Asker: 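Can you read through this structure? Questions will come right after.
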Number of protein chains: 2
Amino acid sequence: MNVTLRQLRAFTGVYRTRSITRAARELGITQSAASLLIQQLEAQLGVKLFDRSTRSVQPTLAADEAFDAAERMLSDAQGLSRRMRDLAQARAGRVAFLASAGTASALLPMVLAKFRASHPDIEIDMRDVAADDLVPRLTATDAEFAIGSVEGEFADMTIETLTSGRLSAIGRRTADFAARRSLTWDELAQLPTIAMRRETRIRIQIDQALSAQGKRLDPTYEVTLINTALAMTAQGLGLAILPATMLPADQFPTLIARPLVRPAITRPVSLLQRQGRTLSPAAQAFVATARTVLAGRTTPASG
Amino acid sequence: MNVTLRQLRAFTGVYRTRSITRAARELGITQSAASLLIQQLEAQLGVKLFDRSTRSVQPTLAADEAFDAAERMLSDAQGLSRRMRDLAQARAGRVAFLASAGTASALLPMVLAKFRASHPDIEIDMRDVAADDLVPRLTATDAEFAIGSVEGEFADMTIETLTSGRLSAIGRRTADFAARRSLTWDELAQLPTIAMRRETRIRIQIDQALSAQGKRLDPTYEVTLINTALAMTAQGLGLAILPATMLPADQFPTLIARPLVRPAITRPVSLLQRQGRTLSPAAQAFVATARTVLAGRTTPASG
DNA sequence: TCAATTCATGAGCTTTACCTATGAATGTCA
DNA sequence: TGACATTCATAGGTAAAGCTCATGAATTGA
């Protein structure tokens, strides 16, 4: 057998109290059990730890030396337990995840704010990445999950849609525009528009959906960043063509979104996880927050 | 129940090898036992430590955090065991003891030399003390034992005679002196002599023994230190009156001792220990060395 | 001398720990 | 694709350990 923490607990107890009986009471065991634990430890270490008579329990020099080491081990054990409990309850820890650039800028800030309010001590490491890189990066890095607009199936990945935004025209709140319930892509063709560049994931999706219907989008401006498109829209340069979920209402209070129809195109925001990999409790808490926050923003699929 | 070192050993093994089976082999237990230990630890800490399938065992983030703490505890445990084993085998440690001034200067140096040769890593703390102080100091300080000329009984002390020296006349190796087997105290009265001061323990013993026989000692010189007496003798100032054991042959090669008789007075060198207090293994080793070294020098009680 | 306290020990019971055997899942190679 | 090999999990049984209770021995204090 080997030294056990039980024995060390008994040892430090006896060392401090100079009494087997008192130490046993502290540990919630009987005096005889404590006596045995000390005997075991002495046999284990090959050293007498206490000179004991019925009337006194005197630590030996060896006990003096052993005491510090024993205390350190016990406090390490307690520290480990406490730390793990904190991790388990998501009161401590770190969440590393990937987010596509658009999601990170438009959708996640409010999730982050809510999460930070409820879990102030959890470190967050959000890495924004091109949408196409989400899956390869998730397999390669230590990120626990990814959030972004991804569709399809991937080996060793589970995918879950958190919310989905209808492709919309975003423009200034003019009386004319505000009156509209929706716009068709055909109507849009006659207006100045701002869309994402052709290489972007979102644009590819649009172009594919439209060409399936024999239509096409000829934007007045093409940009790379969502924020650029929104800023230009706010300046009245045209209507931004983006999922409605991508409009942060607080950043652009003058803008409103109206769904585009014929065809209606929806764009999911999905959560990607590696299969067979448990999320850390902190990450689980974050995902839960994301689910509730984003669920409130889902554009109904029909309408 | 609580976290055990067994569990931690299994944990670090699995963490390192990424395999329950391999870790079990390392620990010399079966795979199923190792599997159970991991499950226990997880339940204990409330945290999943490994994502395991039949094909892979992946540490979680919690496991990454726990690993260092676990390793430290295990190495502390090993360090404790090793340190205690060293103490037990007297390969390390410290011996603190008291010695009366005379013993310390004349008798113990050779014991120290022999002990140091066989136990080079043991620290020695020898405190020389007036003979009368041996007992009070031994009860009050952390010294483990005392060596000196003490007779009688003391509460809570065990006493053991290590050697005893006959009171002798020590002089230069002249043909005349060397030819003598012994001297009587009466013969001594006509010669120049060097004795210890009246206050010293050794002198008190001499005076008592002589006065019991109606005799007395009138030394030419009275000194405090044994070495002074011997140095004066070496200069031919007179015969030193000391126990034969107190003559270090290597320091004073020109001197020889001849026992004093009528009466023959012996002076024990004793080992004092506190009753019910185990000596540390280092101290036991030292005492053993002292016993063997000093036993060789004992003057036969009769002769 | 008696009562009280404290540590050690032995008997007996309960709990734990471990092993063997087996099942389930997954990756590999023909 | 199907047989095979590997690996982890689980169930059942047994050996070992741990604990309690009861008791004994030693020592202190009244």
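Protein chains get the first letters and strands the later ones, always in sequence-line order, with residue 1 at the start of each. These figures come from a predicted structure and were not determined experimentally.
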Asker: According to salt bridge (charged side-chain N to carboxylate O under 4.0 Å, His left out), does anything in residues 134-147 of chain A pair up with another residue at least two apart or in another chain? List the pairs.
Answerer: A:Arg127-A:Asp142
Asker: Please state how far atom CZ in B:Arg52 lies from atom C1' in D:dT7, giving the value in whole angstrom units.
Answerer: 12 Å
Asker: Which ones in residues 9-21 of chain A lie close to DNA chain C, meaning a heavy atom under 4.0 Å from one of its atoms?
Answerer: A:Ser19, A:Ile20, A:Thr21
Asker: Measuring to OP1 and OP2 of D:dA9, would you say a side-chain N or O of B:Ser35 lies under 4.0 angstrom away?
Answerer: yes
Asker: Expressed in angstrom and rounded to an integer, what is the separation of B:Leu37 atom CG from C:dA17 atom P?
Answerer: 8 Å
Asker: Rounded off to whole Å, could you give me the CZ-to-P distance for the B:Phe50 and D:dA9 pair?
Answerer: 11 Å
Asker: Would you mind checking if A:Asp76 and B:Arg72 are paired as a salt bridge, meaning a charged N to carboxylate O distance below 4.0 Å?
Answerer: yes
Asker: Can you sort out the partners of B:Arg201 under side-chain hydrogen bond (donor to acceptor under 3.5 Å, both in side chains), two or more places apart, ordered by chain and number?
Answerer: B:Asp132
Asker: With A:Asp128, which residues qualify under salt bridge (Lys or Arg N to Asp or Glu O under 4.0 Å), at least two apart?
Answerer: none
Asker: Round to the nearest Å and state the distance from B:Arg25 atom CZ to D:dT6 atom C1'.
Answerer: 11 Å
Asker: For a quick test of reading the model: is some side-chain N or O of B:Gln40 closer than 4.0 Å to OP1 or OP2 of C:dT16?
Answerer: no
Asker: Which residues pass the salt bridge (Lys or Arg N to Asp or Glu O under 4.0 Å) test with A:Asp86, sequence neighbours left out?
Answerer: A:Arg91
Asker: Could you tell me which residues satisfy salt bridge (Lys or Arg N to Asp or Glu O under 4.0 Å) with B:Glu26, sequence neighbours excluded, listed by chain and number?
Answerer: none
Asker: For A:Phe50 and A:Tyr15, take the angle between the two ring planes, folded into 0 to 90°, and tell me which bin it lands in: parallel under 30, tilted 30 to 60, perpendicular over 60.
Answerer: tilted
Asker: Can you measure B:Arg6 atom CZ to C:dA17 atom P for me and round it to whole angstrom units?
Answerer: 9 Å
Asker: One character per nucleotide, please: for nucleotides 19-27 of chain C, 5' to 3', B when the base has a protein heavy atom closer than 4.0 Å, S when only the sugar-phosphate does, - otherwise.
Answerer: BB---BBBS
Asker: Can you measure B:Leu41 atom CG to C:dA17 atom C1' for me and round it to whole angstrom units?
Answerer: 16 Å
Asker: Over how many whole Å does the gap from B:Leu5 atom CG to C:dA17 atom P extend?
Answerer: 13 Å
Asker: Please name all residues satisfying salt bridge (Lys or Arg N to Asp or Glu O under 4.0 Å) with A:Arg16, sequence neighbours left out, ordered by chain then number.
Answerer: A:Glu71
Asker: Expressed in angstrom and rounded to an integer, what is the separation of B:Gln58 atom CD from D:dT7 atom P?
Answerer: 15 Å
Asker: Name all pairs fulfilling the salt bridge (charged side-chain N to carboxylate O under 4.0 Å, His left out) condition that reach into residues 47-57 of chain A, sequence neighbours left out, sorted by first residue then second.
Answerer: A:Glu42-A:Arg52, A:Lys48-A:Asp51
